[in-house]
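Beneath this line is the structure, given in structure tokens, with notes to follow.
Below, each value reflects all heavy atoms present in this structure, side chains not excepted, and no hydrogens, waters or symmetry copies. Just so it is clear, the structure is predicted and the values come from calculations on it, not from any experiment. In the text below, chain A, chain B and the rest are named by the order of the sequence lines, each starting its count at 1.
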Amino acid sequence: EPEVTQTPSHQVTQMGQEVILRCVPISNHLYFYWYRQILGQKVEFLVSFYNNEISEKSEIFDDQFSVERPDGSNFTLKIRSTKLEDSAMYFCASSAGSYGGDEQFFGPGTRLTVL
Amino acid sequence: GENVEQHPSTLSVQEGDSAVIKCTYSDSASNYFPWYKQELGKGPQLIIDIRSNVGEKKDQRIAVTLNKTAKHFSLHITETQPEDSAVYFCAARYSSASKIIFGSGTRLSIRP
């Protein structure tokens, strides 16, 4: 069964450093998302991406964040200058779209720890 | 803004008994209500969903009900088994391909 994959599974970084979290969505999907989950809290939406541009973003997704689809398979989330409060699980998700089904399938997550 | 409230935050039931988790949503434009199961160290996994033109949906031991007027929906798990132990999230979405708004989660424990 096709699945969303994410790398790395765990990333440790120093405050102020840049990190890139990587995702490979399901191959025929057109819509891509990033969510985050601070330990013990609810899953929060960050950004959605379609047709090579951001469709929607939350107030969490400020200028320190960016997303990119550098090739036909990867979808990345970059945090330019990490803060302690960026420590969380980051989940990538994808959906086929209106014609192929709109369920969002989540990856296993990347645990980001900012020291 | 959009909000989804979920309760209880923790639930412990005897194996074989039923479990019920309840959620309310604030945005009356919401039309899709998925439920996710999250096991330790994994991402949320869709277990069942319901759309606003349906009042109830069942899949084996799992059922969801939706009351659009009251803006609440519930997850029912019957004949609970140890593998049902996990965190369950309700969620709402107001249009296709838009963001999902999650509830705060319910940690379900099944006592042997």
Using a cut-off of under 4.5 Å for heavy-atom pairs, which of A:Pro108, A:Ser9, A:Gly107, A:Gly109 has the most such pairs with chain B?
-> A:Pro108

Would you say [X] has more than 12 foreign heavy atoms packed within less than 6.0 Å of its [atom1]?
X: A:Lys57; atom1: NZ; value: no
X: A:Asp63; atom1: CG; value: no
X: B:Arg107; atom1: CZ; value: no
X: A:Arg69; atom1: CZ; value: yes
X: B:Leu40; atom1: CG; value: no
X: A:Leu39; atom1: CG; value: no

Honestly curious: do [X] and [Y] fall in one hydrophobic cluster under the side-chain, below-4.5 Å linking rule?
X: B:Tyr36; Y: B:Ile48; answer: no
X: A:Val24; Y: A:Tyr31; answer: no
X: A:Tyr33; Y: A:Ile20; answer: no

Does a side-chain heavy-atom distance below 4.5 Å link A:Ser48 with B:Lys99?
-> no

Do A:Gln41 and B:Phe102 have side chains that get closer than 4.5 Å, going by heavy atoms?
->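 Of all side-chain heavy-atom pairs linking B:Phe102 with A:Gln41, none is under 4.5 Å.
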
Quick one: closest heavy-atom pair of B:Asn3 and A:Lys42, and the distance?
->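 Result for this residue pair: OD1-NZ, 3.9 Å.
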
So which heavy atom on A:Glu103 is nearest to which on B:Tyr32, and how close?
->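 That closest heavy-atom pairing would be CG-OH, 3.7 Å.
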
Set of residues satisfying salt bridge (charged side-chain N to carboxylate O under 4.0 Å, His left out) with respect to B:Arg51, sequence neighbours excluded | A:Asp102

Inter-chain contacts: residues 56-84 of chain B against chain A, heavy atoms under 4.5 Å |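 The stretch does not come within 4.5 Å of chain A.
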
Below 4.5 Å from any heavy atom of chain B, which atoms of A:Gln37 appear? Answer side chain, backbone, both or neither.
->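 Just the side chain, heavy atoms under 4.5 Å.
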
Using non-hydrogen atoms only, which part of [X] is less than 4.5 Å away from chain A: side chain, backbone, both, or neither?
X: B:Val87; result: neither
X: B:Ile100; result: both
X: B:Gln38; result: side chain
X: B:Pro44; result: both

With sequence neighbours excluded, tell me which residues meet ring-ring contact (aromatic ring centres under 6.0 Å, His included) with A:Phe65.
->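 Residues passing ring-ring contact (aromatic ring centres under 6.0 Å, His included) with A:Phe65: A:Phe61.
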
List for me each residue that meets ring-ring contact (aromatic ring centres under 6.0 Å, His included) alongside A:Phe45, sequence neighbours excluded, and say none if there are none.
->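 Per chain and number, A:Phe45 pairs via ring-ring contact (aromatic ring centres under 6.0 Å, His included) with A:Tyr35.
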
Taking B:Gly103, B:Ala91, B:Pro34, B:Gly41 one by one, which has the highest count of heavy-atom pairs under 4.5 Å against chain A?
-> B:Gly103

Which distance, rounded to the nearest 0.5 Å, do you find between the CD of B:Gln45 and the CD of A:Glu3?
->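 Here the interatomic distance stands at 10.5 Å.
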
